[in-house]
Number of protein chains: 2
Amino acid sequence: MAVSTPPLAPKYRAASGMSEQLCPYRLVLEHVTSRWGVLVLIELMERPYRFGELRRAIGRVSEKMLIQTLQTLERDGLVHRDAKPVIPPRVDYSLTDLGREAAERVRDLAEWTHRRMEAVQEARDAYDQRPR
Amino acid sequence: MAVSTPPLAPKYRAASGMSEQLCPYRLVLEHVTSRWGVLVLIELMERPYRFGELRRAIGRVSEKMLIQTLQTLERDGLVHRDAKPVIPPRVDYSLTDLGREAAERVRDLAEWTHRRMEAVQEARDAYDQRPR
DNA sequence: CCAGTACCTTACTTCAAAGACAGTACTTTC
DNA sequence: GAAAGTACTGTCTTTGAAGTAAGGTACTGG
């Protein structure tokens, strides 16, 4: 049976009529900065995870979304999938070298955001208080 | 008259019933890695831009989305809006110090993605060729 | 006085990402 | 022999982000 590839964030198609096709690198950027992509990459920096383990570690992620995210990252060569042919199934996910490079940068950004959250919150409060 | 604040990416609300409210830092991360947020931050690293100028520099962005993005980033304290009370209106947008910190990291990530695009493409080709 | 520029705001619409949930196949544990 | 774990796949539905389009204001140049 044909196993269809995941949706792969068909998010930004070329606008109809417009010749402006999104440069492919934007798509990869979308993948690594996606809602669950960020969390997966950061989590996998620590060590390889099994599917269910990763799901529990991230929490509040549906199986569907986690799989979709993992498949997208696998296709992009960022995540390695190691499926052992045993029963019950055992699948280990880990970062590739490429994935680690990406994960480091994503983590930097996430860490920065976390670190500067207070400044952001102050800016927001100031913005919201300003007469508009 | 009450001017409502922009949508501000109400994307990830706390799941109803779930105590798991998305940490606020995730929202900021969403803002800076958003479709137009990335482009705005990177563009503004070069120099301040006027609204129309920025729109033309980025291209293919609707006024609505550009304003929404700028307002979100302004509220987060990443972008400074300098509206001169002249006619016709002149508004200059620039990065704050906080914004520059964010922009540098975003640009790093974007540059990495661009640089490693070839490796990603190879991985994809391999993935797509693999018997599934 | 009409057209154009600059900087927005608002309303309407579309469509894909995400959630919910059921199903598969096989095994171990209660 | 029923339930639960494991790693998925598939479908249906919701929703909210982004696009389109139009309006508004206060001017200036022709």
Side-chain angles (χ1 to χ4, degrees), chain A residues 1-18 20 22 26-27 30-31 33-37 39 49-56 58-72 74 79 81-93 132, chain B residues 1-18 20 22 26-27 30-31 33-40 49-56 58-72 74 79 81-93 132:
Chain A
M1 66 180 95
V3 176
S4 61
T5 49
L8 289 171
K11 231 173 184 174
Y12 308 139
R13 324 198 138 152
S16 57
M18 245 303 221
E20 195 58 86
L22 244 308
R26 283 302 321 274
L27 258 85
E30 299 286 332
H31 296 171
T33 63
S34 70
R35 192 185 212 169
W36 308 116
L39 299 178
Y49 274 81
R50 297 188 58 179
F51 179 80
E53 220 179 12
L54 191 55
R55 179 154 149 67
R56 282 186 295 274
I58 291 178
R60 76 192 181 284
V61 59
S62 67
E63 293 195 351
K64 183 190 145 195
M65 287 317 296
L66 184 54
I67 285 189
Q68 211 173 85
T69 302
L70 285 167
Q71 285 172 343
T72 301
E74 193 199 351
V79 159
R81 179 176 182 273
D82 184 19
K84 273 104 179 173
V86 296
I87 291 289
R90 178 186 175 99
V91 184
D92 288 303
Y93 289 95
R132 323 230 87 241
Chain B
M1 69 180 95
V3 175
S4 60
T5 49
L8 288 169
K11 230 173 185 175
Y12 307 138
R13 326 197 139 153
S16 57
M18 243 305 218
E20 196 57 88
L22 243 309
R26 285 300 322 275
L27 259 86
E30 299 286 331
H31 296 171
T33 62
S34 70
R35 190 185 213 170
W36 306 116
V38 172
L39 300 178
V40 166
Y49 275 82
R50 297 187 59 178
F51 179 79
E53 221 180 13
L54 191 54
R55 180 155 147 66
R56 282 186 295 274
I58 291 178
R60 76 192 180 285
V61 60
S62 67
E63 292 195 352
K64 181 192 143 193
M65 287 316 296
L66 184 55
I67 285 190
Q68 211 173 85
T69 303
L70 286 167
Q71 284 173 343
T72 301
E74 192 200 351
V79 159
R81 179 175 183 274
D82 184 18
K84 273 105 177 173
V86 296
I87 292 293
R90 179 188 173 98
V91 184
D92 287 305
Y93 289 95
R132 322 230 86 242

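Per chain, numbering begins at 1; letters A, B, ... match sequence-line order. Quick caveat: nothing in here was measured; it's all calculated off a predicted structure.
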Within this structure, what is the [atom1]-[atom2] distance for the pair [X] and [Y], rounded to the nearest 0.5 Å?
{"X": "B:Arg60", "Y": "B:Trp36", "atom1": "CZ", "atom2": "CH2", "value": "5.0 Å"}
{"X": "B:Thr69", "Y": "B:Lys64", "atom1": "OG1", "atom2": "NZ", "value": "10.5 Å"}
{"X": "B:Arg50", "Y": "B:Arg56", "atom1": "CZ", "atom2": "CZ", "value": "8.5 Å"}

Could you list the residues that satisfy salt bridge (charged side-chain N to carboxylate O under 4.0 Å, His left out) with A:Asp92, not counting sequence neighbours? A:Lys84, A:Arg90

Whole angstrom is fine here: how far is it from [atom1] in [X] over to [atom2] in [N]?
{"X": "B:Lys84", "N": "C:dC7", "atom1": "NZ", "atom2": "C1'", "value": "14 Å"}
{"X": "A:Asp82", "N": "D:dA7", "atom1": "CG", "atom2": "C1'", "value": "14 Å"}
{"X": "B:Ile67", "N": "C:dA11", "atom1": "CD1", "atom2": "C1'", "value": "15 Å"}
{"X": "A:Asp92", "N": "D:dC8", "atom1": "CG", "atom2": "C1'", "value": "15 Å"}
{"X": "B:Leu66", "N": "C:dC7", "atom1": "CG", "atom2": "P", "value": "10 Å"}
{"X": "B:Glu30", "N": "C:dA17", "atom1": "CD", "atom2": "C1'", "value": "12 Å"}
{"X": "A:Leu70", "N": "D:dC8", "atom1": "CG", "atom2": "P", "value": "8 Å"}
{"X": "A:Arg56", "N": "D:dA4", "atom1": "CZ", "atom2": "C1'", "value": "13 Å"}

Nearest of [options] to any side-chain atom of [X]?
{"X": "B:Arg50", "options": "C:dA6, D:dG19, C:dC8", "value": "C:dA6"}
{"X": "A:Gln71", "options": "C:dG19, D:dA7, D:dT9", "value": "D:dT9"}
{"X": "A:Arg35", "options": "D:dC8, C:dA6, C:dA18", "value": "C:dA18"}

Residue met sooner reading DNA chain C from 5', once A:Met65 and B:Tyr93 are mapped to nucleotides: B:Tyr93

Residues in side-chain hydrogen bond (donor to acceptor under 3.5 Å, both in side chains) with A:Glu63, at least two apart? none

Could you run down the sub-3.5 Å N/O contacts of the protein with nucleotides 26-30 of chain D?
none

base_contact_polar (D:dG10 base, A:Lys64 side chain, donor-acceptor, <3.5 Å): no

